[in-house]
Protein chains: 2
Amino acid sequence: MNRRSEVVDAAERILEREGPDAVTMRRLADELGIQAPSLYKHVAGKTEIQTALQQRALERLGAVLTAAGADLPTLVAAYRRWALQHPRLYELSARHPLDRQRLASGIEAAAAAPLLRVTGGNIAAARAIWGFAHGLVDLELANRFPPDADLDAAWAHAINAFAVYCTP
Amino acid sequence: MNRRSEVVDAAERILEREGPDAVTMRRLADELGIQAPSLYKHVAGKTEIQTALQQRALERLGAVLTAAGADLPTLVAAYRRWALQHPRLYELSARHPLDRQRLASGIEAAAAAPLLRVTGGNIAAARAIWGFAHGLVDLELANRFPPDADLDAAWAHAINAFAVYCTP
DNA sequence: TGATCGAAGCTAACAACGTTAGCCAGCTCG
DNA sequence: CGAGCTGGCTAACGTTGTTAGCTTCGATCA
């Protein structure tokens, strides 16, 4: 039995239930019926937990995108839906620099694969699409649009603009 | 003499020189030759300082965009350039929710105006462009692209896709 | 069976954080 | 001259991540 993953599980639970500020070493230990310093028997520190959550988020997002479909609109819609359903996990995974040393290799590529499929292998186009999807989600999550903004329309415009890459 | 702005000045200096983690109340007080609690005679707390920096960043970015020009490519290029030149300030300003209560009104609109000009008043399109510019910058700043990624190409693709809105 | 040893818990503690309370010097103004 | 505001100070509190060092329990091995 790997206690490390139980720690990460608990961290995820707290993150979803009570937000990022609640994910504290003591609160985390509490969730496991343990004292804070004991966590360090299973985990190197808080940053390791964050990296693990980041990795989880990337895996799940990748899976969702892979299952989503092959055309740009549904793919992008799936991206947006996942992010809005798991806002804390999304923020954690998207905002922090990728620690490529610690991150299992292949995960990044797996998450990006569906995008590449949709652009017909055009890497630059895939990155551009990733960029606009992340940007719109990020602004939306950070409340950067006025409360009355019609975000669906903005997404539609962006999808429309990029559709050229998918229908050659 | 308004000491409040001196505090914010010092915060900005520390932010640029030593990064966000260094912007601490004690470090800030130190920069001003003062003890930490004295800061509270000029400023309500740390969040107020952050909001002030956010406002500054928005103002400057707005000014840069206004001066940049009237076509999409130069506008977007100016956006990217400013963000990469002031990465910490950009992160601070873009990642945190906007406190519209405290933020002087009009600043948001002023920053968005050049974008609107370029889309011919199409709000949804302006938001879409803002989204992709922010997204690409954000991913770039967070090291989310592989080290060998050709980001210029990604930007070019995005600009190209959106060019339809500017050349009717 | 008994000795050993590592895994996994504990308490105590440290440094740094944001913040509050309360005191005191000095300047300004009536 | 005295009142009061301005802006500094020290001491302290609660919380954060983390370390040191002790104990306890269960498995492994001679």
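Below, chains carry the letters A, B, ... as their sequence lines are ordered, and counting in each starts from 1. Computed from a predicted structure; not experimentally measured.
dT16(D) atom C1' lies 13 Å from atom CG of Asp21(B), rounded to whole Å. When the C1' atom of dT16(D) is taken as reference, atom CG of Leu28(A) falls 13 Å away, rounded to whole Å. Rounded to whole Å, atom P of dT16(D) lies 15 Å from atom NZ of Lys46(B). The separation between Arg27(A) atom CZ and dT16(D) atom P is 11 Å, rounded to whole Å. Distance Ile34(A) CD1 to dT11(C) P: 12 Å, rounded to the nearest Å. One interatomic measurement links the two molecules: CD of Glu6(A) to C1' of dG9(C), which rounds to 15 Å at whole-angstrom precision. With rounding to whole Å, Asp30(B) atom CG is found 14 Å from dA16(C) atom C1'. For Gln35(A) and dA13(C), the CD to C1' distance is 14 Å, given to the nearest whole Å.
Between His42(B) and Pro37(A), the residue anchored nearer the 5' end of DNA chain D, judged by the nucleotide with its closest heavy atom, is His42(B). For the pair Met25(A) and Ala36(B), nearest-nucleotide mapping onto DNA chain D gives the more 5' position to Ala36(B). Positionally, the nearest nucleotide of DNA chain C for Ala22(B) lies more toward the 5' end than for the other of Ala44(B) and Ala22(B).
Using cut-offs of 30° and 60° for the angle between ring planes, the Trp130(A) and Phe145(B) rings count as perpendicular. Taking the six-membered ring where the residue is Trp, Tyr90(A) and Tyr79(A) present perpendicular rings, their angle passing 60° and hence far from 30°.
Checked against dG8(D), dT18(D), dG18(C), the side chain of Tyr40(A) finds its nearest nucleotide in dT18(D). When distances run from any side-chain atom of Lys41(B) to the nucleotides dG18(C), dG7(D), dT19(D), the shortest one goes to dG7(D).
The shortest distance between the side-chain N/O atoms of Thr24(A) and the OP1/OP2 oxygens of dT15(D) is not below 4.0 Å. The phosphate of dA8(C) (OP1 or OP2) has no side-chain N or O of Ser38(A) nearer than 4.0 angstrom.
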Inset, instruction - Check step by step if side-chain contact (heavy atoms from CB on, under 4.5 Å) holds for Leu39(A) and Ile49(A). - result: CA-CA 11 Å; Leu39(A) 286 173; Ile49(A) 299 176; 5.8 Å; no
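Classification of Glu12(A) and Arg60(A) as a salt-bridged pair holds, one side-chain N sitting under 4.0 Å from a carboxylate O.
With rounding to the nearest 0.5 angstrom, the CG atom of Leu28(B) is 10.5 Å from the CG atom of Asp9(B).
A donor-acceptor contact under 3.5 Å links the side chain of Arg26(B) to the base of dG18(C).
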